[in-house]
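Encoded as structure tokens, the structure appears first; notes follow it.
Just so it is clear, the model here is predicted, and its values are computed rather than measured.
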Amino acid sequence: MRFTKKDILDIDSLEPREISMILDTAQGMKEISERPVKKVPTLRGKTIVLFFQEPSTRTKLSFDTAAKRLSADCLSISKGSSSIVKGETLIDTAKNLEAMRPDVIVLRHPSSGAPHLIARRVNASVINAGDGIHAHPSQALLDMLSVRERKGELAGLNVSIIGDIAHSRVARSDIIGFSKMGARVSICAPGTMIPKGIETLGCTVAPTIEACVEGADVVMMLRIQKERQGSVLFPSEREYARLFGLNKERLALAKKDALVMHPGPMNRGIEISSEVADSAGSIILEQVTNGVALRMALFYLVAGGSRHADAD
Ligand code: CP
């Protein structure tokens, strides 16, 4: 099978067979990071631009690491260091990047839809590294990779996602991705953090965290995204932790071998206790390790894989 997508903009536009192909490719990439010399020549001569207009630790560093492990030339600009601060528009910035002939542009942007906007205007592949509250496809793909690696398959699993669903691009992409791959997704949050009609993405809404966690194979906790909330949506962090935080008593309601996940950054003591975050069932740091392999796979498939086979 050939991978024919130019861009990776969201999970909605990926078919289950394409998701499986990305996960299989990422699984194959993992051993490169375990070698004494962590570098292969696969993308030598390709140019990748990382354009992050929001803060990031995991996503930016893992895209950067992924590009370097595949021997691509990787350049990076941020909002503060670009001419956006002088009033240049996103589209003009993208056209100027395009004029330097990059092969891939990775964009993180506070506005939902920004990567889609530039993907239509540039020949380079565009990978969405998180746009507003809309989508974070590479995070959902690395989450699926991490669960599939531990559980063997995704179909039939009970996946619980708890936290600020309304403002989480990770939640949206994970709900769509896991349900596309045959998992049952249950979500839970304060009523003020559940968007109307969220069930249409492929999940059910549980009335309490206990009901959401009961019988789960995977419990994924989300941070409260204060930077995206226009008004106060819960009384206090203490109250939130009491009603919606994951502690070991609540985790005991899940299956014995349940996986605990978090996309990061974590706010320990609010959505998750340290005891649970650091417990044997936690795969939070495995998610980060898998993020590098997953992003290597995305670069390979859009810039160097079968999409370009005829040009090789
Ligand atoms: N998961 C995630 O997107 O983390 P960063 O914001 O640190 O990239």
TODO: Any chance you could lay out the side-chain contact (heavy atoms from CB on, under 4.5 Å) test for L97 and V122, step after step, and finish with the verdict?
DONE: CA-CA 9 Å; L97 293 180; V122 298; over 6 Å; no

Side chain proximity check, [X] to [Y], heavy atoms < 4.5 angstrom:
X	Y	value
I198	I175	yes
H136	S138	yes
L50	C74	yes
F178	M144	yes
L70	K46	no
N96	E88	yes
P263	L222	yes
S33	R69	yes

Open item on the list: For residues I133 and L90: do they belong to one hydrophobic cluster (side chain heavy atoms under 4.5 Å, members Ile, Leu, Val, Met, Phe, Trp, Tyr)?
Closed with: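 Cluster IDs for I133 and L90 differ.
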
Tell me whether [X] is salt-bridged to [Y], with the criterion being a basic N under 4.0 Å from an acidic carboxylate O.
X	Y	answer
R268	D278	yes
D24	R148	yes
E98	K95	no
D257	K151	yes

- [ ] Answer yes or no for R108 and F52: cation-pi contact, defined as NZ/CZ to six-membered ring centre under 6.0 Å and angle to ring axis within 45°.
- [x]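 No, cation not above the ring by the 6.0 Å, 45° rule.
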
First locate atom [atom1] of [X], then atom [atom2] of [Y], and finally report the distance between them rounded to the nearest 0.5 Å.
X	Y	atom1	atom2	result
F299	M29	CZ	CE	11.0 Å
I84	Q53	CD1	CD	4.0 Å
D7	L107	CG	CG	11.5 Å
E286	L142	CD	CG	11.5 Å
M261	D143	CE	CG	4.0 Å

Side-chain donor-acceptor pair present, [X], [Y], cut-off under 3.5 Å:
X	Y	answer
S78	K60	no
N247	E275	no
H262	R223	no

Task: Test side chain to side chain contact (heavy atoms under 4.5 Å, CB included) applied to V260 and I272, V218, I283, the passing residue - done: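 Only one of I272, V218, I283 forms a side chain to side chain contact (heavy atoms under 4.5 Å, CB included) with V260, namely I272.
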
Open item on the list: Tell me which one of L154, L157, V159 satisfies side chain to side chain contact (heavy atoms under 4.5 Å, CB included) with M181.
Closed with: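 Considering L154, L157, V159, a side chain to side chain contact (heavy atoms under 4.5 Å, CB included) with M181 is found only for L154.
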
Open item on the list: Determine whether R295 and V106 satisfy the following criterion, side-chain contact (heavy atoms from CB on, under 4.5 Å), listing intermediate values before the conclusion.
Closed with: CA-CA 11 Å; R295 287 158 180 140; V106 180; over 6 Å; no

Judged by atom type as modelled, is there a donor-acceptor pair below 3.5 Å linking the side chain of [X] to the main-chain atoms of [Y]?
X	Y	result
R250	E210	no
T208	A211	yes
S71	L43	no
T200	G197	yes

Task: With R101 via salt bridge (charged side-chain N to carboxylate O under 4.0 Å, His left out) - residues at least two apart - done: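 Here no residue qualifies.
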
Open item on the list: Strictly by ring pair (Phe, Tyr, Trp, His ring centres under 6.0 Å), give each pair with a member in residues 102-121 just once, sequence neighbours left out.
Closed with: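 Those involving residues 102-121 are H116-H134.
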
Task: Audit row: I162, V219, side-chain contact (heavy atoms from CB on, under 4.5 Å) steps and yes/no - done: CA-CA 8 Å; I162 299 148; V219 183; 4.0 Å; yes

TODO: Assess whether atom NZ of K30 is packed by more than 12 heavy atoms of other residues, nucleotides or ligands within 6.0 Å.
DONE: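 Counting neighbours around NZ of K30, more than 12 heavy atoms of other residues, nucleotides or ligands fall under 6.0 Å, so yes.
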
Task: Verdict with supporting geometry, L141 and I11, side-chain contact (heavy atoms from CB on, under 4.5 Å) - done: CA-CA 8 Å; L141 289 163; I11 298 293; 3.9 Å; yes

